Amino acid sequence: MMITDLGSGEGFSAGRRLVLVPHIAYLGPPGTFTEQATRILTEGFDADLLPYETVPQALAALRAGEVLAAGVPVESSVEGSVPATLDALISGDPLIAVAEATVPVQFDVLVRAGVTADQVRTVASHPHAIAQVRGWLAANLPDADVRMASSTAAAAKEVADGELDAAIAAPLAIELFDGLSALARGIADTPDAITRFLLLRRPGALPEPTGADRTSIAAVITDEVGTLTELMLELSLRGINLSRIESRPTKDRLGEYRFFLDFDGHVADARIGDALSGLRRRCSEVRFLGSYPKADHSPANVRPSASEQAFQASARWLARLREGGVA
Ligand SMILES: O=C(O)C(=O)C[C@]1(C(=O)O)C=C[C@@H](O)C=C1
């Protein structure tokens, strides 16, 4: 997928024919799946990719205006959402997603050349990667001390630096750090895993609706009977397909949750705007997290009663009634 507009020249500075290329943050170091995704998300856009050690650090740089955009992992088909990303999206100034990409995820076990399985005492990776290879680790490295790293590529770098014996990393990481070789390839417990990534930006002009869009929000509801059902009803009554709902504690008090929702459609679509207004009235907090083209380009299945034409016709009908006309 290509991004068409990352923000009208922001981040460019021209002078004496020198044009500074904008920076785009990602979860680094080079060799992460997030780097692969960020390259897809920024294809055709002249920008330098800047690695950050954690997602919160990348988003802090974006909020501070040090980078134009940030590529972050948001959801895995096997492990579910990436909590660090959801939490970092909410804590701080609003950010919006402007594009999404999905990347097939495969894992190799990288060691320093010559290291054999029975010499591996420590193995590390990103928690999401570890979770996707638990079966393989139990069968093949049952005695190894399993450690968490800030990313798959950070683990590969630690192996190259002699700080760890093995890393679970993306196949391409082997070429980026000196002296690595693969102890095993394609070790994911679930083949065909996919991770979804978003390109985030500070609020500004939204991507144009394409008919195959997704909208993301985070909403806090009061702890009362039926509030979650009512939230869902706002969507279903308008024929809106919910593609994800995830809860995270608000961290303010036990039992209070923030719901992350993804649904088909663009905030510019009448049915989505109408539903969002309803949610705004019902929820104690609604944060808009963006409307952006879906990575798979699958068009929204809009029932006739929720179409743009149906909304326009009913708005005209209501206006006539209010003017004293006959329906
Ligand atoms: O560590 C990386 O390479 C990442 O890009 C992060 C991440 C994730 O957050 O899920 C991305 C894809 C894989 O599922 C494992 C890790």
Side-chain angles (χ1 to χ4, degrees), residues 1 3 24-43 47 49-63 67-92 95-108 124-134 148-157 167-173 176 188-190 192-201 214 216 218 243-248 258 260-262 289-290 292-296:
M1 169 189 306
I3 44 167
I24 306 221
Y26 71 94
L27 172 69
T32 59
F33 290 103
T34 310
E35 187 200 9
Q36 293 177 42
T38 308
R39 292 204 181 281
I40 296 168
L41 288 162
T42 57
E43 206 182 311
L49 267 48
L50 263 192
Y52 285 80
E53 201 182 322
T54 65
V55 169
Q57 283 169 16
L59 297 199
L62 176 58
R63 289 188 168 107
V67 294
L68 183 57
V72 293
V74 68
E75 178 186 11
S76 144
S77 62
V78 176
E79 263 309 289
S81 64
V82 183
T85 300
L86 299 187
D87 290 348
L89 258 175
I90 286 302
S91 46
L95 296 172
I96 55 163
V98 292
E100 80 170 11
T102 51
V103 171
V105 166
Q106 258 303 344
F107 300 106
D108 288 356
S125 196
H126 186 279
H128 255 212
I130 294 285
Q132 295 180 63
V133 301
R134 283 221 181 274
M148 301 300 156
S150 55
S151 70
T152 54
K157 181 174 183 309
I168 313 293
L172 61 75
L176 299 174
D189 297 336
T190 309
D192 307 325
I194 288 175
T195 300
R196 188 163 75 95
F197 297 83
L198 294 174
L199 188 71
L200 303 173
R201 210 200 53 192
R214 198 187 309 284
S216 298
S243 52
R244 185 174 71 111
I245 178 163
E246 198 86 44
S247 66
R248 295 280 303 148
R258 179 175 281 108
F260 288 82
L261 286 88
D262 287 348
L289 299 174
Y292 46 89
K294 288 195 280 185
D296 66 5

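For reference, positions follow the sequence shown, starting with 1. In this text the structure is predicted, and so the values were computed from the model without any measurement.
Results of the side-chain contact (heavy atoms from CB on, under 4.5 Å) test with Val74 over Leu200, Leu86, Val82, Asp262 single out Leu86 as the only residue that passes.
Legend: residues meeting side chain to side chain donor-acceptor pair (under 3.5 Å) with Ser77, ordered by chain and number and at least two apart, are absent. Shown here are the side-chain contact (heavy atoms from CB on, under 4.5 Å) partners of Ala167, two or more places apart in sequence or in another chain: Ala155, Ala156, Val159. Taking Gln132 as the reference, nothing meets the side chain to side chain donor-acceptor pair (under 3.5 Å) condition, with sequence neighbours excluded. Not counting sequence neighbours, the partners of Glu75 by the side chain to side chain donor-acceptor pair (under 3.5 Å) test are Arg196. Among residues two or more places apart in sequence or in another chain, the salt bridge (Lys or Arg N to Asp or Glu O under 4.0 Å) test is passed with Glu79 by none. Applying the side chain to side chain donor-acceptor pair (under 3.5 Å) test to Ser81 and every residue at least two apart in sequence or in another chain returns Glu246.
Of the inter-residue distances, the one linking Asp87 atom CG with Leu59 atom CG reads 11.0 Å to the nearest 0.5 angstrom. Residue Arg201 holds its CZ atom at 9.5 Å from CG of Leu62, rounded to the nearest 0.5 Å. From Leu198, atom CG reaches atom CG of Leu41 across 8.0 Å, with rounding to the nearest 0.5 Å. Once rounded to the nearest 0.5 Å, the distance linking OH of Tyr52 with CG of Leu50 reads 5.0 Å.
Between Pro293 and Glu100, the closest heavy-atom pair is O-CG, 3.7 Å. In this structure, Thr152 and Ala129 approach most closely via the heavy-atom pair CG2-CB, 3.7 Å. Shortest non-hydrogen contact noted between Ile130 and Ala124 is CD1-C, 4.2 Å. The minimum heavy-atom distance between Val67 and Ala25, with the atom names listed, is CG2-CB, 3.9 Å. Across all their heavy atoms, Glu53 and Ser150 have their closest contact at O-CB, 3.5 Å. Looking at every heavy atom in both residues, Thr34 comes nearest to Gly71 through CG2-O, 3.2 Å.
Contact annotation: the side chain of Ser243 approaches that of Arg214 to within less than 4.5 Å [non-hydrogen atoms, C-beta and beyond]. Considering only heavy atoms from C-beta on, Tyr292 stays 4.5 Å or farther from Leu199 through its side chain. Counting heavy atoms from C-beta on, the side chains of Val105 and Ile194 never come closer than 4.5 Å. Put simply, the side chain of Val103 does not reach to within 4.5 Å of the side chain of Thr195, judged on heavy atoms. A heavy-atom distance below 4.5 Å is found between the side chains of Pro51 and Tyr26. Side-chain atoms of Leu289 and Leu89, non-hydrogen and from C-beta on, do get closer than 4.5 Å to each other. Looking only at side-chain heavy atoms (C-beta outward), Ile40 and Phe197 stay at 4.5 Å or farther from each other.
Using a distance-only test at 3.5 Å, with no hydrogens or angles considered, a donor-acceptor pair links the side chain of Ser151 to the main chain of Gly28. In this structure, the side chain of Thr85 engages the main chain of Pro73 through a donor-acceptor pair within 3.5 Å. A donor-acceptor contact shorter than 3.5 Å links the side chain of Thr32 to the backbone of Leu27.
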Open item on the list: For a side-chain contact (heavy atoms from CB on, under 4.5 Å) check, start with the C-alpha distance between Ile24 and Thr38, then their side-chain angles and the critical distance, and finish with the verdict.
Closed with: CA-CA 8 Å; Ile24 306 221; Thr38 308; 3.8 Å; yes
Task: Step-by-step side-chain hydrogen bond (donor to acceptor under 3.5 Å, both in side chains) determination, Ser247 to Arg258 - done: CA-CA 6 Å; Ser247 66; Arg258 179 175 281 108; over 6 Å; no
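The aromatic ring centres of Phe33 and Phe107 sit less than 6.0 Å apart.
A salt bridge does not link Asp189 with Arg134: none of the charged nitrogens is closer than 4.0 Å to a carboxylate oxygen. A salt bridge links Glu35 to Arg39: at least one charged side-chain nitrogen sits closer than 4.0 Å to a carboxylate oxygen.
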